[in-house]
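Inspection log for the structure reproduced underneath, given as structure tokens.
We number each residue from 1, following the sequence as shown.
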Amino acid sequence: LIGPLTFVAIVLPTVWRSWPFVMVTYLAALQTIPQELYEAAKVDGATPWQRFRFVTWPMLRPVTAVLLLYGLLGTMYSFNIVYMMFGHGAGYPGEWGDLLMTNLFRNTFGLWDFGLVAAPATLHMLLSLGLIASWDRGFGDDARGSRTMREERWLKWGAGLLLVLVLVFHLFPIFWMVNTSLMTQLEAATGSLFPKTPQWGNYLDIWRVLPFFHYLKNSFLVCSLTTVFALAVATFAGYALARFRFPGAELFGGSVLVTQ
């Protein structure tokens, strides 16, 4: 598997692993679209393509927005498939398909240099935040929908308090990661929460020691191609199951769910 086609060997099973969830989500979304909308479109003389463009697609945009974000973020942190396929070298598939996550794993448990690992992980997190911000500008309104319900004051305070607790729990690993990226290897190994003197050497070493852009490029290509192919395959499969009746449809749907 190690060679120029390694990249394909990573993308194909990742798509196979991802598209069943996307298909089931699209299938559920298609079944919630009222048939009255299609009947009204037919009365107005809309063609099948126009019914898809002006009825089906607008109703699927919120679901597509969430699936797009989920797919990109999920595959950007790809690790399991690469490690299982190339585990002999601690998940090293060669320069053709080495990803950032597998590289961080090897440096963590091979070199035990937590600071050198935390620095690229921090940059990767910042790039992910940029991706989320771009997604929010393009699809945020579709995913959020309209807010028409008025909540009671106690519900707002309760939800706010719960959100603060969740944020503290969720942000602590990020806090630890950023602080570790500013520590020396010896200081990070002691488990300190704060660096005595912030060191920026780890951020310089990821350019000198690690080909950071090479790993980032491979990870970005895997997440982009996997998300696009999974959405494309799942869209047609979900549409076929929702709109057509054919022998073996239930068997096909069940076999897809088994792979999840």
**OP:** Would you please name every residue forming a side chain to side chain donor-acceptor pair (under 3.5 Å) with Thr56, sequence neighbours left out?
**Re:** Tyr38
**OP:** Determine yes or no for a side-chain-to-main-chain donor-acceptor pair under 3.5 angstrom, with Thr32 supplying the side chain and Ala29 the backbone.
**Re:**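 Present.
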Please list every donor-acceptor pair under 3.5 Å in which a side-chain atom of residues 160-167 meets a protein atom from a residue at least two apart or in another chain.
none

Looking at residues at least two apart in the chain, or sitting in another chain, which of them share a side chain to side chain contact (heavy atoms under 4.5 Å, CB included) with [X]?
X      : answer
Ala119 : Ser181, Asn202, Tyr203, Ile206
Ala46  : Ala41, Gln50, Arg51
Tyr70  : Phe21
Thr64  : Tyr26, Trp57, Leu60

Can you list everything that forms a ring-ring contact (aromatic ring centres under 6.0 Å, His included) with [X]? Sequence neighbours excluded, please.
X      : result
Phe229 : none
Phe54  : none
Phe236 : none

Would you list the atom pairs, donor with acceptor, under 3.5 Å between side chains in residues 127-134 and any protein atom, with sequence neighbours excluded?
from   : atom 1 : to     : atom 2 : distance (Å)
Ser128 : OG     : Tyr77  : OH     : 3.2
Ser128 : OG     : His124 : O      : 3.0
Ser134 : OG     : Gly130 : O      : 3.1

Original post:
Do you know the tightest heavy-atom contact between Leu27 and Gly238?
Top reply: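 Answer, listing the atom of Leu27 first, then Gly238: CD1-O, 3.8 Å.
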